[in-house]
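These numbers come from a predicted model, not from an experiment. Counting starts at 1 for both ligands and their atoms, following the listed order.
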Amino acid sequence: MSFSRTNNATKVAIDTNKIFASGTFKNVWQGDYTDGARKGELCVAKEFKSGSVFQSHYFEEELEIIRHSQAIIDAFAAAGVIRARILLNIPEVWVYDETGENILVEPMIENFEKFNSNTGWAPRTGDAWSEAMQALSHFSYHDSNQKFLLCDLQGGSYRDGYILTDPAIMSRTKTCGPADLGPDGINSFFHRHRCGRFCNRKWLKPAMVKQARYAARRGTTMALLPTRQSRMPLTSVRE
Ligand SMILES: [Zn+2]
């Protein structure tokens, strides 16, 4: 069984007059489902800030991270670390009728809060849900034999669990998209991670976490692009 929450609808109307929220990589618009089982419920539409509305590889990369995150969340459920359920919101690529532009659509999450970021920022409230999320991140690292770390955990509570959206995965090989800060990011995360009541003391951690290469930020830190961008000639704006 997959712990997912899906669109389950066939049409939406998006209000593109006002940005609902904005992250490091995406702008978010609010809308509502106008046809299908969720008709009348709220949804969000997410657009990449890079303006890549027609470039399918951005969407493919995003959906691959979601598939991988789902596998981790399902493994966490199977391991029985916590009793309550954690679901993952599943976005789909939808197309605007008028413009043909692509956008990611998923159900709205109420009572939105953030539990950690890819630099290891965490609210440290001591609250059970917060500790459960830190455990999910730590578990992902242990269960993948130190290859991956699920982070950027954010979402909202519902009656018997929690719904997450837009997580990030960092990897030893730095191959999981623009929020993957690689081994330096994983070390920074664990430099700040404090095991709470749901972490198993036997779970693996990186050997070197004495220093954090990345500063703690609540928002998502973007990986530096090593290629063309860094070779762009710069022109000073000061005379
Ligand atoms: Zn831990």
For R201, does the CZ atom have more than 12 heavy-atom neighbours from other residues, nucleotides or ligands under 6.0 Å away?
yes
Same cluster or not: M108 versus I66, using hydrophobic residues (I, L, V, M, F, W, Y) connected whenever any side-chain heavy atoms lie under 4.5 Å apart?
no
What are the protein N, O or S atoms, given as residue plus atom name, that sit under 2.8 Å from the Zn ion (ligand 1)?
H138 ND1, H193 NE2, C195 SG, C199 SG
Apply the ring pair (Phe, Tyr, Trp, His ring centres under 6.0 Å) test between H138 and each candidate in F148, F198, F190; give the one that qualifies.
F190
Identify, with sequence neighbours excluded, every residue that meets salt bridge (charged side-chain N to carboxylate O under 4.0 Å, His left out) alongside R217.
none
Hits for side-chain hydrogen bond (donor to acceptor under 3.5 Å, both in side chains) against R172, two or more places apart or cross-chain, chain-then-number order -> none
For N116, all residues meeting side-chain hydrogen bond (donor to acceptor under 3.5 Å, both in side chains), sequence neighbours excluded:
Q134, S137
